[in-house]
Amino acid sequence: MNNLFVYCEVEDGVVADVSLELLTKGRSLANILKCQLEAVLIGSDLKDIEKQVIPYGADVVHIIDDPRLAPYTTAPHAAVLIKLFGDEKPQIALMGATPIGRDLGPRVSSALHSGLTADCTSLEIGDHEDKKAGKVYKNLLYQIRPAFGGNIIAWIINPDCRPQMATVREGVMRKQILNTNYSSRVNHLVVSDYVSETDFAVQIIERHLEKRKINIKGASIVVSGGYGVGSKENFKLLYELADVLGAEVGASRAAVDAGYVDHERQIGQTGITVRPKLYIACGISGQVQHRAGMEESAQIISINTDPDAPINALADYVITGDLSVIIPKMIKYYKQNTK
Amino acid sequence: MGIRIIVLAKQVPDTRNVGKDAMKADGTVNRAVLPAIFNPEDLNALELALRIKDDLPGTTVTILTMGPGRAAEIIREGLYRGADDGILLTDRAFAGSDTLATSYALSQTIKEMGAYDLIVAGRQAIDGDTAQVGPQVAEKLGINQVTYVEAILSLDKTSITVRRRLDNGVETVMAPLPILLTVNSSAPDCRSRNAKLLMKYKHARTVTERQNEAEDYLYLYDSRPFLNIHEMTVNEIKSIPDQLGLTGSPTKVKRIENVILQAKDAKRLTAADEGINDLMKELIESHVIG
Ligand SMILES: Cc1cc2nc3c(=O)[nH]c(=O)nc-3n(C[C@H](O)[C@H](O)[C@H](O)COP(=O)(O)OP(=O)(O)OC[C@H]3O[C@@H](n4cnc5c(N)ncnc54)[C@H](O)[C@@H]3O)c2cc1C
Ligand SMILES: Nc1ncnc2c1ncn2[C@@H]1O[C@H](COP(=O)(O)O)[C@@H](O)[C@H]1O
């Protein structure tokens, strides 16, 4: 009882990276809490699926396998979690801040009247003292995320309601295999105990999903542009530099909002988290929501007209000046020196 | 054969244009420079509703917003674009609500509003990007939800077919009514204010607003009932007090920390050719690039 649960997403028989990352994080939190880590997998054709999650340290794997449970629709998946969480009373439940997790999480939290924090950038265990009520809470989940208003980070807790729920974006936590022979218990659930016929009222008629075209997460160099790039036209300079260096192009949200680049390139708290060898920030001021997605880069170059831009504090190289002058020079001297 | 649509819309600080002057020297937000706007995706939601109204005569669109008194602006903005009426839910009892307490208050209000066919919300509000209120309201009302909608493909009295936009593709989904949809920014932009409607509704006010204003237009409200923006307080909905506001919010902020950046010992250069040449050489030699 009162274990830590991770809802795992499965697409075409493969468990999503974000779920494995959460299992890894969940394992380390469960160790601190001295509780068990339990994975929940809901879908169709899930034979042997437990083999993908057990190595990450899941003590219990709940599987519910039915042709009607894939592709994902809200009501049946929510019904499973609402009943399972009602029975098992987890202290913590984690899921990916993906289109699925962000559709499912609020539905489940609403039914269970439990708090949910979206897009956490860090999860920790700690105590809380409510001085007014004279109460001390032991071992709460600190759901840590940047909060609206710029350079602030908020520690959010759910003192009284369970489970303590949080979503985390892909790439924020690192996945790590614990033990390929980890011993765990597999629990096959019976679909009719959890889901009723009316839960299938919403039907998917057609589906066109593409494999992700760009792989910023895996790139060893990222050339990233912000609002300071100034236009879609100017972004071509960044693509050129990226091309020459074998890099991917990323962006800040301000650049995405301004229409300079596609949303799928957004880096930060509500975008992708990257940890490249080299991150080149061009015309990015470095608000906390952006930094959350890139501050673990091994080396950072900042190109900014403002010598005091906050991002410069993270940078190993600060180039003060206009990016439309500097980037062409970087391309030129890269080419000259690699000839 | 129209249907009844409720649009959930929120007034938010415009976090998209947070310039340098948005932060005060002490690290707090300078709200004065952040204009309060109609949450962008709620405008997409409104447009979706208005298109149904264009196609299905007899359809009504009601805007529901919860917020402080000045959020009545959201309802006026909706009326100028073609909404039929609006409700401002406002009360101190709602202060400090997290998404769960917000969705509780909104769903209890919707229960007072009578039968509806469709509820349309934005995917997420830009002040927190949580995207939780829509699904939480649907759950509390016991109806289905379809999130990330960008277009309505067909609609009749009992069912709706929509296209969803996901990160990596699209889905066509059919669902029975009543249903709650959340709408993405990939849906069509909202039409602009209509000049005639602007004239018609420019004096639309809530009771509180009227009390605070000069007497000039007071005579209008008896002869033109459509100028009354319906204001509701906690007294007009059935609610359990400890599910409201700060007390009704399971999530609490334990601590807020200003991030103080400790500058690294960075190499500083300018646009001068020599420096950039040296930098590129250095990066190539250390195998960071190349
Ligand atoms: C809930 C929430 C979630 C968010 N999530 C994210 C997220 O995931 N990712 C993200 O990036 N942001 C996110 N944001 C937005 C974030 O707060 C900032 O608004 C955003 O990162 C700013 O982008 P920017 O640095 O490109 O723009 P600005 O802050 O406008 O900075 C532009 C910079 O360009 C420089 N500049 C201008 N001209 C030039 C030139 N010619 N050459 C060189 N430099 C120049 C300027 O000096 C300035 O430093 C989020 C905000 C909220 C409220
Ligand atoms: N106070 C509110 N009043 C009306 N609608 C709201 C309110 N808060 C959130 N919503 C709706 O819920 C959506 C998601 O909000 P959020 O969960 O805060 O990201 C918004 O786009 C609105 O449609």
Side-chain angles (χ1 to χ4, degrees), chain A residues 74-75 99 102-103 106-107 109-111 114-119 128 147-161 201-210 212 221 245 257 270 277-278 288 299 310 312-313 315-322 325-326 329-330 333-334 337-338, chain B residues 15-16 18 22-23 27-29 98-100 103 127-132 135-136 138-140 144-148 161 166-176 250-259 261-264 266-271 273 276-277 279-281 284 288-290:
Chain A
T74 313
R102 304 182 98 218
D103 179 88
R107 188 96 200 178
S109 82
S110 184
S114 75
L116 168 64
T117 306
D119 296 328
H128 174 65
F148 158 63
N151 290 336
I152 53 174
I153 302 282
W155 272 251
I156 294 163
I157 49 171
N158 313 337
D160 298 305
C161 302
V202 174
Q203 290 166 28
I204 297 177
I205 296 173
E206 222 180 289
R207 229 168 155 238
H208 292 286
L209 297 192
E210 289 158 19
R212 235 178 294 173
I221 305 174
L245 299 179
D257 284 346
T270 52
K277 271 199 311 194
L278 178 64
V288 67
Q299 295 214 42
N312 291 355
D316 302 278
Y317 300 91
V318 173
I319 312 180
T320 303
D322 189 330
V325 177
I326 292 163
K329 289 188 185 178
M330 290 173 83
Y333 290 114
Y334 176 78
N337 289 306
T338 44
Chain B
T15 55
R16 291 168 310 173
V18 185
M23 299 301 290
T28 58
V29 197
D98 70 0
T99 63
L100 199 69
S103 58
D127 55 352
D129 275 11
T130 62
Q132 290 173 6
Q136 287 178 332
E139 168 64 30
K140 296 206 180 305
N144 281 303
Q145 74 197 42
V146 180
T147 47
Y148 325 125
T161 306
L166 305 172
D167 285 356
N168 55 343
V170 291
E171 258 179 21
T172 307
V173 173
M174 195 173 83
T251 56
K252 314 272 179 224
V253 178
K254 174 177 168 62
R255 174 154 74 100
I256 283 197
E257 208 167 75
N258 284 316
V259 185
L261 287 174
Q262 292 274 336
K264 283 194 199 170
K267 278 198 186 160
R268 292 199 164 251
L269 33 157
T270 62
D273 285 70
I276 296 191
N277 189 13
L279 168 67
M280 296 320 273
K281 275 190 196 154
I284 292 165
V288 174
I289 56 176

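Each chain gets a letter, A, B and so on, in the order the sequences are listed, and its residues count up from 1.
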CZ-CH2 distance between B:Arg255 and A:Trp155, expressed to the nearest 0.5 angstrom
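Between B:Arg255 CZ and A:Trp155 CH2, I get 4.5 Å after rounding to 0.5 Å.
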Name the residue from A:Ile221, A:Asn337, A:Thr338 that meets the side-chain contact (heavy atoms from CB on, under 4.5 Å) definition with B:Ile289.
A:Ile221
What I'd like to find out is whether the side chain of [X] reaches to under 4.5 Å of the side chain of [Y], using heavy atoms alone.
X        : Y        : value
A:Asp160 : B:Pro250 : no
A:Ser109 : B:Gln132 : no
A:Val202 : B:Val173 : yes

Side chain, backbone, both or neither: which part of [X] has an atom under 4.5 Å from a heavy atom of chain B?
X        : answer
A:Thr320 : both
A:Ala154 : both
A:Ile157 : both

Where is the tightest heavy-atom contact between A:Tyr334 and B:Ile284, given as atom of each residue plus distance?
CD1-CD1, 3.9 Å
Does any heavy atom of chain A fall under 4.5 Å from the side chain of B:Asp98, the backbone, both, or neither of them?
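Nothing of B:Asp98, per the 4.5 Å heavy-atom cut-off to chain A.
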So what's closer than 4.5 Å to chain A heavy atoms on B:Ile256: side chain, backbone, both or neither?
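Interface part for B:Ile256: both.
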Step by step, would you call B:Leu279 with A:Tyr333 a side-chain contact (heavy atoms from CB on, under 4.5 Å)?
CA-CA 9 Å; B:Leu279 168 67; A:Tyr333 290 114; over 6 Å; no
May I ask you to name which of B:Asp273, B:Asn144, B:Thr99, B:Thr130 has the most heavy-atom pairs under 4.5 Å with chain A?
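Of B:Asp273, B:Asn144, B:Thr99, B:Thr130, B:Asp273 has the most heavy-atom pairs under 4.5 Å with chain A.
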